Protein chains: 2
Amino acid sequence: MDRKKERLNEILQATITILSKEGAENLSMRKVAKLANLSLSNLQYYYRDKDLLMIATVKYYFESCQDEVTDAVNLLSAQSTPSTEVLLEKLLNMLLVVGKSSDKIMMFQEIWTLSSRNKELETAVEAYYKNYCLWLIGLISSFSRDPEAIVSLLVPYAEGYAIVSNVLPLNKEKIIQMMVGLILSMEK
Amino acid sequence: MDRKKERLNEILQATITILSKEGAENLSMRKVAKLANLSLSNLQYYYRDKDLLMIATVKYYFESCQDEVTDAVNLLSAQSTPSTEVLLEKLLNMLLVVGKSSDKIMMFQEIWTLSSRNKELETAVEAYYKNYCLWLIGLISSFSRDPEAIVSLLVPYAEGYAIVSNVLPLNKEKIIQMMVGLILSMEK
DNA sequence: ACCTGAACACCGTTCAAGT
DNA sequence: ACCTGAACACCGTTCAAGT
């Protein structure tokens, strides 16, 4: 039974590797099988078809992302409680990732697209984001009266920023400045 | 030569139809050829490979989107110049589209993902968004001192909203209220 | 329960050939 | 310039069979 868990992990890791390097379009059951050292048919014994493999992979991937968010949030709150302004700046610097720079953004891109065609994936993606919002609300409630409004501003903004950051008239520094100003103005 | 233009349009329309209904993952050269009434090899005469077909399709699709944006903006500015607040509300209602509701969002989703793997598509996407930002700056400059800041806020927000709208703690109405308040506060 | 290999219909791309 | 059809390697899925 431990061996089986290992096998499954190997398969999901192999899938993530191919997905982030080559995209969903170039991912095949045969490639995954090869990278994970199984025969095609044996891979299909564990995951009956490609859809099921994708669903399992996305869930597995999200779990690791959850851990990362938790760590980052803990790191932020652990720091010797700076001013609200400094904390907001750090948070924004964390959230506003320039698109295409990281494997992570590539993975999310692939996952979004896949989820728009698959109901079960869509549910998994929504569950992840809802949890992510809750984390943020918890963090922000330490300094704000209306964390839900701030989260409703920050989360979509960060997602969109990853996509269109390189066409915006303002650079990242100025944008963070603006966003901090806006959020602080909400508290009055 | 007119006949050729027609042929190309048929091909690109067929590609858009399949792309928005079934996704890039289920789009094949053979399906496009069938829907556009050509043989596979003849389709490949017009578009040597799938990549070139996708690039041409995205450019063609963006042109029609440009026209739509232009029309919408004209419609907004034509209306008997209301207060800044009302105009902002209308603009936000236009920009904040709930994800998965429209073929358009599905198309953009597919295009984003494809463009992250293809340099030429990426360039086309950037050109489209840059132009889109310019339109918005033009519109917003009629009532704001700092249209570039507002565009840098609105454009990413609208893109991200299409993705995560259904997990946000605030509903659309409250979000629009919040965004209008924020933008108005920028003018002081 | 875990694993194999052959077979099927489909895919993108190449190529030699026709008009 | 426009179009055809065969061939190639690859794909997801099914299935009958082994341990």
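Note that the coordinates shown come from a computational prediction; the quantities given were computed from them, not determined experimentally. To find a chain, count down the sequence lines: A is the first, B the second, and so on, and within it residues start at 1.
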Q) Does B/Asn42 have any side chain to side chain donor-acceptor pair (under 3.5 Å) partners at least two apart in sequence or in another chain, and if so, which? A) none
Q: Rounded to the nearest angstrom, tell me the gap between atom CG in A/Asn42 and atom P in C/dG5.
A: 11 Å
Q) What does nucleotides 9-19 of chain C look like as a protein-contact string, B for base, S for sugar-phosphate only, - for none, at under 4.0 angstrom between heavy atoms? A) --BBBB-----
Q: Would you please name every residue forming a ring-ring contact (aromatic ring centres under 6.0 Å, His included) with A/Tyr128, sequence neighbours left out?
A: A/Phe62, A/Phe108
**Q.** Atom pair distance, as rounded to whole Å: OH in B/Tyr47 and P in D/dC2
**A.** 12 Å
Q: Starting at atom CG of A/Asn37, determine the distance to atom C1' of C/dC3, rounded to an integer number of angstrom.
A: 14 Å
Q.
List the residues meeting salt bridge (charged side-chain N to carboxylate O under 4.0 Å, His left out) with B/Lys104, not counting sequence neighbours, and say none if there are none.
A. B/Glu68
With a cut-off of 3.5 Å and sequence neighbours excluded, list every side-chain donor-acceptor pair involving residues 14-21 of chain A.
from: A/Thr15; atom 1: OG1; to: A/Ile11; atom 2: O; distance (Å): 2.8
from: A/Thr17; atom 1: OG1; to: A/Gln13; atom 2: O; distance (Å): 2.9
from: A/Ser20; atom 1: OG; to: A/Ile16; atom 2: O; distance (Å): 3.1
from: A/Ser20; atom 1: OG; to: A/Thr17; atom 2: O; distance (Å): 3.4

Q.
Using a strict threshold of under 4.0 Å (side-chain N to carboxylate O), is an ion pair present between A/Glu10 and A/Lys5?
A. no
Q. Just the dot-bracket of DNA chain D, please: which string comes out with Watson-Crick or G-U pairs under 3.5 Å, [ ] for crossing, | for another strand?
A. ||.|||||...|||||.||
(Q) Taking side chain to side chain donor-acceptor pair (under 3.5 Å) as the definition, give me every residue that meets it alongside B/Asp51, ordered by chain and number, with sequence neighbours left out. (A) B/Asn118
**Q.** D/dC2 to C/dA17 separation - C1' atoms, rounded to the nearest Å
**A.** 13 Å
Counting only pairs under 3.5 Å, give me each side-chain donor-acceptor contact of residues 171-184 of chain B, with atom names and distances, residues two or more places apart or in other chains.
from: B/Asn171; atom 1: OD1; to: B/Glu173; atom 2: N; distance (Å): 3.3
from: B/Asn171; atom 1: OD1; to: B/Lys174; atom 2: N; distance (Å): 2.9
from: B/Lys172; atom 1: NZ; to: B/Leu96; atom 2: O; distance (Å): 2.8

Q: Mind jotting down which residue pairs meet the side-chain hydrogen bond (donor to acceptor under 3.5 Å, both in side chains) criterion with at least one end in residues 26-37 of chain A? Sequence neighbours excluded, please.
A: A/Glu22-A/Lys31
